[in-house]
Each structure stands twice: as C-alpha cells, then as structure tokens.
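A short write-up of the structure that comes next.
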Amino acid sequence: MPMKDAHAATLLLVDDHPLMRKGIKTWITAAGPFNVVAEADSGAEALRQAAQINPDLILLDLNLGEEQGSDVLLALRQQGYQGKVVILTVSDSQDDAQRLLDLGADGYLLKDIEPESLIPALKEALQGEKPVSDKLQGGTRHAAAGHLAGLTYRERQILALLAEGSSNKQIADNLNIAEGTVKVHMKALMRKLDVQSRLEAALIYLNGREPQK
C-alpha cells in the first residue's frame, strides 16, 4: 500500500456497512490524493470524529441505520464543522439530492459511481464545486455560489431579515425557530453566495446581484 501523503486532504468516511467502508477506503487510499484519517459507522461517531480531527472532507452515507444523513449534516454544521460534506448514497431520488444540496451538502454522489470518477468528484468539492452524479444533474438546480435563486425559501427569509439588520436571535424570534437553526441556515446561504461576511450577503440581497469577483 502506498505511503500516505502528509499534504493530502484529510477525509472522514461515514458509512454503517463495514465492507462498503473498507472498499471505499481501499480505493481512495490507492488513488489519492486523500488520507482517510478516520471512519465512523454512526452519526454520533461522525460528530465526535469531526470535532476531534476536523477533516477537510466528510464522505457521508445518507442512510445510517435508523439515522438520516440529513440530520447528521445539520448537526455537523451546528457544532461548527466548516469543511466539505459530500453525500455518497444508493438513493437516486431527485428529491433527496435537492434536499441535501439545499441543506448545504457539497455534493451528492451515487454509490454506483465509477471508481475512477470518485476522486475527481471529491476534488471538485474541495475546490468549491458541487459534484452531482450524472443521472441526477438534470433534475437538480445544482445551486451555484452567488445565485440567489439557489437559496431555499427559508434561507431567503433569513437573508431578507439579515438585510434589515436583524441579529440571529431576532431572526429566530421572528421566524419562531431556534437560534442554532438560524446559524446553520446562515452558514449554508453564505456558502452558496460565496461570501465571507454577513454584510456581503446583505448587500447581494439588497442589490439583487451576484457577488463581484
């Protein structure tokens, strides 16, 4: 087995099937340039590993026994994880793909993906793209950074209140949701708009334009 590259991107592999994890890890390790630094078979373990290791990318199964990958994704963002999260699943549902992308996933790949295509897709995610398996691309908006149209209805609500000068607590009170939920949505919409500050996000909304590059 080749030596691990100290400069390779670190990856946490989350899947509840040991054989699947082993196969994916073997391919990724052989193909590079990723170091699979940890594995998890549950959402709780994924959260613990993410907090401890802070990997560059998490490859997350959508169905973890009785747990849902969407819940794990939201919990990861809520606890402050800012790395990339790519969904790897057997579900070829357009609705599932769009829902996970709307929640802030950085890609949605099917487990029938050709091994040779997996590494390039993960590289795209690290570079800020949102890789989606070919058979799903036609049915998803594939929300691009900088486009207000790529935001969910809730994200647009939050962005509108942000543009009015509301704090997270005020937004939460206005929408009758938890402040932690506002923070999760805020991180997702800022990622989609490709901005680094709340002010930039507010200006994009007020001007109805894409961010200047």
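For the single chain, residues carry numbers from 1 onward in sequence order. Basis for what follows: all heavy atoms, side chains included, without hydrogens, waters or symmetry-related copies. For clarity, every value in this text was computed on a predicted model and none was experimentally measured.
Gly43 and Leu64 get closest at one heavy-atom pair: N-CD1, 4.0 Å. Closest non-hydrogen pair, Asp106 versus Ala125, comes out as O-CB, 3.8 Å. Between Ala40 and Ala46, the closest heavy-atom pair is CB-N, 3.6 Å. Minimum interatomic distance between Leu189 and Ala201 (heavy atoms only, all atoms of both residues): CD1-CB, 4.3 Å. Between Glu124 and Pro131 the shortest heavy-atom distance is OE1-CB, 3.6 Å. Closest of all the heavy-atom pairs between Gln170 and Gly165 is OE1-O, 4.0 Å.
Residues Tyr81 and Leu47 are not in side-chain contact: their nearest non-hydrogen atoms beyond the backbone lie 4.5 Å or more apart. A 4.5 Å side-chain heavy-atom check between Arg154 and Leu175 finds at least one atom pair inside the cut-off. Taking the side chain as every heavy atom from C-beta outward, Val72 and Val14 never approach each other to under 4.5 Å. With contacts defined as side-chain heavy-atom distances shorter than 4.5 Å, the pair Leu151/Leu159 qualifies. Contact check for Arg48 versus Gln52: side-chain heavy atoms found under the 4.5 Å cut-off. Side-chain contact check for Gln157 versus His185: every heavy-atom pair is 4.5 Å or farther apart. Counting only heavy atoms from C-beta outward, the side chains of Ile28 and Ile119 approach each other to under 4.5 Å. For the pair Pro18 and Arg21, the minimum side-chain heavy-atom distance is below 4.5 Å.
Here the OH atom belonging to Tyr108 is positioned 6.0 Å from the OG atom belonging to Ser93, to the nearest 0.5 angstrom. Once rounded to the nearest 0.5 Å, the distance linking CG of Asp61 with CD of Gln68 reads 9.5 Å. A distance of 8.0 Å separates CD of Glu155 from CG of Leu103, quoted to the nearest 0.5 Å. Going from atom NZ of Lys22 over to atom CD1 of Ile24 covers 13.5 Å, rounded to the nearest 0.5 Å. Atom CD of residue Gln82 and atom CE of residue Met190 lie 9.5 Å apart, to the nearest 0.5 angstrom. Here the OG1 atom belonging to Thr89 is positioned 12.5 Å from the CD1 atom belonging to Ile113, to the nearest 0.5 angstrom.
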Open item on the list: Test side chain to side chain contact (heavy atoms under 4.5 Å, CB included) on Met20 and Lys111; report intermediate values, then the result.
Closed with: CA-CA 10 Å; Met20 179 64 70; Lys111 285 185 176 179; 3.9 Å; yes
Run the side chain to side chain contact (heavy atoms under 4.5 Å, CB included) check on Asp16 and Glu67 step by step: do they pass? CA-CA 10 Å; Asp16 62 336; Glu67 298 177 285; over 6 Å; no
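The residue from Leu88, Leu12, Ile87, Val85 that alone fulfils the side-chain contact (heavy atoms from CB on, under 4.5 Å) condition with Leu59 is Leu88.
A donor atom on one side chain and an acceptor atom on the other are found under 3.5 Å apart for Asp56 and Thr10.
Counting heavy-atom neighbours within 6.0 Å of Glu66 CD, excluding the residue itself, gives a total of 12 or less.
Using a distance-only test at 3.5 Å, with no hydrogens or angles considered, no donor-acceptor pair links the side chain of Gln49 to the main chain of Ala38. Panel note: side chain Arg198, backbone Leu162; no donor-acceptor pair is recorded below 3.5 Å. Side chain of Glu45 to main chain of Ser42: no donor-acceptor pair is present (N/O by atom type, distance under 3.5 Å, no hydrogens or angles). A donor-acceptor pair is defined here as one N or O able to donate and one able to accept, closer than 3.5 Å; no such pair exists between the side chain of Asn35 and the backbone of Val37. Side chain of Lys84 to backbone of Gln127: no donor-acceptor contact under 3.5 angstrom is found. No donor-acceptor pair closer than 3.5 Å links the side chain of Ser166 to the backbone N or O of Ile171.
Hydrophobic clustering of Ile, Leu, Val, Met, Phe, Trp and Tyr side chains at less than 4.5 Å, counting indirect connections, keeps Val90 apart from Val132. When hydrophobic clusters are built by joining Ile, Leu, Val, Met, Phe, Trp and Tyr residues whose side-chain heavy atoms come closer than 4.5 Å, directly or via intermediates, Val36 is grouped together with Trp27.
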